[in-house]
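Computed over heavy atoms, backbone and side chain alike; hydrogens, waters and symmetry mates excluded.
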Amino acid sequence: MTSVELFPFSLQFFPEVAEDLAALDHSQIILIDKGFLKLKHQGWNIGKPLVGDLVGFNELKYRKAGLRIIFRRQRNSLQVVEVVVAGRRKDSEVFRLANYRIHNTNEDNLVDERDLDMK
């Protein structure tokens with residue numbers, strides 16, 4: 001009998017995502033957790049592809065709650081999804097924040113979900 005992999009994708013987080021999550025209330029965290037679960041199951045194949053400076057990234061949006069997750073496929077892996085931003089953001093702000101993090105965070109500092117430090 002072979003084992004079935006429940007989560008074909010693993011998640012890596014930019015360290016600042018912990019601060020994003022700490023700013024959310026309980027109901028918002030539940031929605032973001034559902035988004036993370038979708039990412040674990042479907043990887044970068046979900047969400048809306050972004051354009052401009054964020055080509056290669058996708059956005060998973062919870063419109064009514066005003067929540068967004070911005071992510072991409074990790075360059076060296078077909079099964080790792082990197083989460084750049086997760087939280088409540090206005091359109092232009094979330095994209096500026098993602099762009100800033102992408103250009104100012106060392107990719108060697110990405111953390112696993114179990115190591116994500118909620119501040």
Looking only at non-hydrogen atoms, find the nearest pair between [X] and [Y] and report the distance.
{"X": "Pro8", "Y": "Lys40", "value": "CD-O, 3.3 Å"}
{"X": "Ile70", "Y": "Ala98", "value": "CD1-CB, 4.0 Å"}
{"X": "Arg72", "Y": "Gly56", "value": "CB-O, 3.5 Å"}

Item to check | Transitive ILVMFWY side-chain link Ile102 to Leu97, under 4.5 Å | outcome: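 Per the 4.5 Å side-chain linkage, Ile102 and Leu97 are co-clustered.
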Item to check | Joint hydrophobic cluster, Phe57 plus Val80, side-chain heavy atoms closer than 4.5 Å | outcome: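 Not linked; separate clusters.
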Spatial distance of atom [atom1] ([X]) from atom [atom2] ([Y]) [nearest 0.5 Å]:
{"X": "Ile69", "Y": "Phe13", "atom1": "CD1", "atom2": "CZ", "answer": "8.0 Å"}
{"X": "Glu16", "Y": "Asn109", "atom1": "CD", "atom2": "CG", "answer": "9.0 Å"}
{"X": "Gln74", "Y": "Phe9", "atom1": "CD", "atom2": "CZ", "answer": "12.5 Å"}
{"X": "Arg63", "Y": "Arg68", "atom1": "CZ", "atom2": "CZ", "answer": "8.0 Å"}
{"X": "Leu31", "Y": "Lys64", "atom1": "CG", "atom2": "NZ", "answer": "11.5 Å"}
{"X": "Leu110", "Y": "Leu11", "atom1": "CG", "atom2": "CG", "answer": "11.5 Å"}

Are any of the side-chain heavy atoms of [X] and [Y] separated by less than 4.5 Å?
{"X": "Ile46", "Y": "Phe71", "result": "yes"}
{"X": "Val85", "Y": "Phe14", "result": "no"}
{"X": "Ile32", "Y": "Phe36", "result": "yes"}
{"X": "Leu54", "Y": "Glu59", "result": "no"}
{"X": "Asp112", "Y": "Ser10", "result": "no"}

Checklist entry - Side chain of Arg88, backbone of Ala65: donor and acceptor closer than 3.5 Å? => result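 It does hold such a pair.
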Checklist entry - What do you reckon, is CG of Asp53 surrounded by more than 12 foreign heavy atoms closer than 6.0 Å? => result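 Counting other residues, nucleotides and ligands, CG of Asp53 stays at 12 neighbours or fewer.
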Next on the checklist: As a test of understanding, state which of Asp20, Leu24, Leu60 forms a side-chain contact (heavy atoms from CB on, under 4.5 Å) with Leu67.
Outcome noted: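 In the set Asp20, Leu24, Leu60, the residue that makes a side-chain contact (heavy atoms from CB on, under 4.5 Å) with Leu67 is Leu24.
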